[in-house]
Colleague: 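Structure in structure tokens, see below.
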Amino acid sequence: MNKKPAHELLSLLKNKKVSAVEIVKSTYEQIEKHEKEISAYVTLTKELALKQAKAVDEGKRSGPLAGIPIAVKDNMCTKGILTTCSSKILHNYLPPYNATIVEKLEAAGAITIGKTNLDEFAMGSSTENSAIKTTKNPWNLNCVPGGSSGGSAAAVAADETVLALGSDTGGSIRQPASFCGIVGMKPTYGRVSRYGLVAFASSLDQIGPMTKDVRDCAILLNVLSGYDEKDSTSAKLEAPDYTKALIDDVKNLTVGIIDELMGEGVEGSTKEAIEKAVKLLESKGAKVKKVSLPHLKYSVATYYLIAPAEASSNLGRYDGVKYGLRSKEAKDLITMYKNTRAEGFGPEVKRRILLGTYALSAGYYDAYYLKALKVRTLIKEDFEKAFKDCDVLISPTSPIPAFKIGEKANDPLSMYLSDIATIPVNLAGLPAISIPCGFANGLPIGLQIIGKAFDEETILKAAYTYEQNTNWHKEKAEIR
Amino acid sequence: MKINIDQVANLARLNLTEEEKKLYGEQLSNILDHAEELQKLNTDKVAPTSHAIPMKNVFREDKAIPCKNTKDIMANAPEEQDHMFKVPRIIEE
Amino acid sequence: MSKYETVIGLEIHAQLATESKMFCSCSTKFGAEPNTNVCEICTGQPGVLPKINKKAIELAIKTGLALNCKIEPMSVFARKNYFYPDLPKAYQISQYELPIITGGHLEIEIPNEGENSNSRLRKKINITRIHLEEDAGKLVHKGAERIMGSEESLVDYNRGGTPLMEIVTEPDIRSPLEAKIFMEDLAHLLQYIGVCDAKMEEGSLRCDANISIRPVGQKELGTKTELKNMNSFRFVQMGLEAEVARHTEMKASGEKIIQETRYFDTKTHDTKSMRSKEEAHDYRYFPEPDLVTIEPDHKWIEEIRATLTELPEKKRERYINEYGLPNPIAEVLIATKSISDYFEECLKIENKPKEIANWMLVNVMAYLKNKNLDIKDIVFSPRELIELIKLIEKGTISGTAAKEVLIKALETGKNIKDIVSESGATQISDEGALQQIVKEVIKNNPKQVLQFKSGKDPVIMYLVGQVMKESKGRAKPDLVQALLRKELS
């Protein structure tokens, strides 16, 4: 049961072929079987989930996702349920409120299976930066699942949940989706409320679906999308029914291949897989053209100034005063602050706080932070130009497939540089999806499709067409 | 790029060991050296982008609504006294 | 003649009169139990987002209009980053590069120096900018009055997030007295337009000053110090006077003035160093990514302008010119908005400005002052006051009786008419009834009667007074006098 996508389970539930309790139980059976190896979850909420499933079966809980298991990344606030951000500094934090998307899942009748592991405060591309556990890639337990939403991606890939939520600041949904062979979408900035998403970089963060196929992605996006009065950056737009965009047809669609992301540094089979994918779309009637985004090469440097700067400010509140860890070494206030933060944050978080603090400090603001905001404009304009004659843009989600655990842990810069394909999309606020498009040495490869702002529908249409004509999404990891 | 790591760590209220100072100092230098490539671009006439999707005038009406979560907020306090958050002695730097 | 000139610029923080906080829906009410007017947003829980209170923007724009300022077509909020327990997010949302209001001025009246006359000079104090921000929480220091010496502190976030408006003046102020007058006039204006209740003692209006002195005629400014903790209008003047004196003494003895922040010690009446390293602050301002720009359009600004009431200065002129009130009376009436509102309500019912002003000043306001009440706290309506004035005019009650009736009405909230009829305070105009009292008084005051008869005419007033007393103020004085004269002739 747990291996099926949500849309199949929904029709089985509707026809009383299966009960919600059965679905939830089989999900937890799978978790019991594999969680020891995968380590996808920080917290499991089995009791609550079974109670909710029972309510669905009794007709007391309904909605578009009634009875469907979902895993929530542990940087989204769940009232009264531990929310750690995989950080020691929030090891005991029980949020006094629910994130807007958690309220929406509740209203949709979804069943929360648990909270998933992530790189501490979503900072990382491998989930190795979690202070709690290291999540493994279900396709190869020696490899990382990607990050920062590695727990969510691995949970979906290992069938430890049906749906999952991720958050994406520089690729944190798409890259782990790509590494784990699932579908992951970062919606347009402002499409999904950020209220209750623990902030990493506020101007880049966005919550999105992580699913087994494109139809599930559309179904979950339907639930998540929409204006939220609690989020000032939330778009006041009517959210469409995304399932209506699921049409197997790309005729009249112009697909642009981003030249800068198909060259040096892209692993061989990855490049091949993307080229094949493009050919397939072409054969289905899409017009294909090469596009150049000349400022793309500056996006990693730009991102690694803007995101840490915002993060250094967002993470100031973890100071041992109101919640979370407080150091025992606290003879006076400043000592308490410094020791709490030294003990509570891991190395990557410290590195980014230091970097961001530096980029904003007196004398450096103009040269670093302001400069980065200006280059951000140039990158955004590159996309705008490209979208003048393209409907979607295509690239690999990651230039390389999943790497070995520990392989890049000591070289932050090389880890940062591998985010080259996903980062520019966040800088420009655009929507993008990653869908499975092949394998390299038994590890999944992801195809990234980028769309115009608030045009998730065209992305879904292209992704759906590709998926309907391939079988990659049906491949299951054999967990060993 | 040489960074005064002590000063930055102090601003960020982070206690660092000597080893950490050395390590982060070097890593930050590398990252900032990479960021130097941005200086090659002439951005004199470019406006900065703080928000990728420009918006304006988002307000709420001035209405007081009592919060129901104060008990849960206080429950997270590492140290509490008289319904207030207790902090150690404050010494000005 | 002092050879130094004082230069003062002020930074004023005004708590805005909103119902809810700047970025969340918590109440701004003063005096609640600790941490009860708080929510996830104003305690800086992970994941929360701020949302701008529209009223706060409107009040800032209103202030800008009243102070002849420019309303900026685009302004943004920024984060000011620093760690302190009263700041739950470790940043204050404030405005930095692009404030909502720039430019403008307030005209004040200062005594004309060097003249004995009461003549006054008008002076423009220029406003640099006005910006919006959120207030911090409050720290309670255990075991000591100030931070120093306290073993631990407690944090209450009730005040945290209250909307604040910071008004910054140009260094146009030339004396501590001018600073005090400016603060009083500004407070008055803010109260008037309903932007802030402007009570310095309660902290809803706060003032920091930048102060320096320089030789008369010198253009460049001397080294400045920043002075804090002047929490009353009187202390603004006293604190600045103390600081001017300190600067002057230091200059005289050749000491170097250090740029620093000091506070006014209200017990010893001198200023003391705060001993904080200014250069240690690096606030790392950057645009608040959780909020979007504020771009008021013409229509909105005009709607706000339409809500702007008549400013005090204009009102004072109108009271003098239209109602013929003397300046001191006009000033008392305009000094408090609720009083002038009451006065104008009365005028709408009966156009008798002088009588109304007289009754309000001599009786109503004296009563309020005595009981420490605001005119808004009493049930006695303008309609009742007019009723009272009419009864006196008709001769139904005497002025003396009217005063008693008024006090009773103020205390009990009863109608004037009811009080008058219950107490039988209506005047005795029946000659027969009075005749008896007149005879009694003549009998009981032989000495005065003799004096009157021997030609001391004014003594008649004493006798009238006695009759009035006997009649408990209900007699008509002119009738009494006529009866007395008739009886004694």
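Residue numbering restarts at 1 for every chain, and letters A, B, ... go by the order of the sequence lines.
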Colleague: Heavy-atom cut-off 4.5 Å, strictly under: side chain, backbone, both or neither for A:Lys79 against chain B?
Modeller: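 Looking at A:Lys79, just its side chain touches chain B.
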
Colleague: Given a strict heavy-atom distance threshold of 4.5 Å, which part of A:Thr302 is in contact with chain B: side chain, backbone, both, or neither?
Modeller: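 Looking at A:Thr302, backbone and side chain both touch chain B.
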
Colleague: Closest approach of B:Gln27 and A:Asn410, non-hydrogen atoms and distance?
Modeller: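 Taking every non-hydrogen atom into account, NE2-O, 4.3 Å.
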
Colleague: For A:Leu204, which atoms come within 4.5 Å of any heavy atom of chain B: side chain, backbone, both, or neither?
Modeller: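 It is neither, since no heavy atom gets under 4.5 Å.
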
Colleague: With a 4.5 angstrom heavy-atom cut-off, which part of A:Asn92 approaches chain B: side chain, backbone, both or neither?
Modeller: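 For A:Asn92, backbone heavy atoms alone lie under 4.5 Å from chain B.
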
Colleague: Which of residues 61-72 of chain B get closer than 4.5 angstrom to chain A, counting heavy atoms alone?
Modeller: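 Checking residues 61-72 of chain B against chain A gives B:Asn69, B:Asp72.
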
Colleague: Is it true that the side chains of B:Gln39 and A:Tyr368 contain a donor and an acceptor less than 3.5 Å apart?
Modeller: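 No, no side-chain donor-acceptor pair sits under 3.5 Å.
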
Colleague: Measure A:Ala453 against the heavy atoms of chain B and call it side chain, backbone, both or neither at under 4.5 Å.
Modeller: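 Contact with chain B is through the side chain of A:Ala453 alone.
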
Colleague: Which bit of B:Ala35 comes within less than 4.5 Å of chain A, counting heavy atoms only: side chain, backbone, both or neither?
Modeller: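 Backbone plus side chain of B:Ala35, per the 4.5 Å heavy-atom cut-off to chain A.
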
Colleague: Taking only residues two or more places apart in sequence or in another chain, which ones pass side-chain hydrogen bond (donor to acceptor under 3.5 Å, both in side chains) with B:Arg60?
Modeller: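 Listed in chain order: C:Ser20.
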
Colleague: Which one, B:Asn4, B:Ile5, B:Val46, leads in non-hydrogen pairs under 4.5 Å with chain A?
Modeller: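 The candidate making the most pairs under 4.5 Å is B:Val46.
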
Colleague: Does any heavy atom of chain B fall under 4.5 Å from the side chain of A:Leu305, the backbone, both, or neither of them?
Modeller: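 For A:Leu305, side-chain heavy atoms alone lie under 4.5 Å from chain B.
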
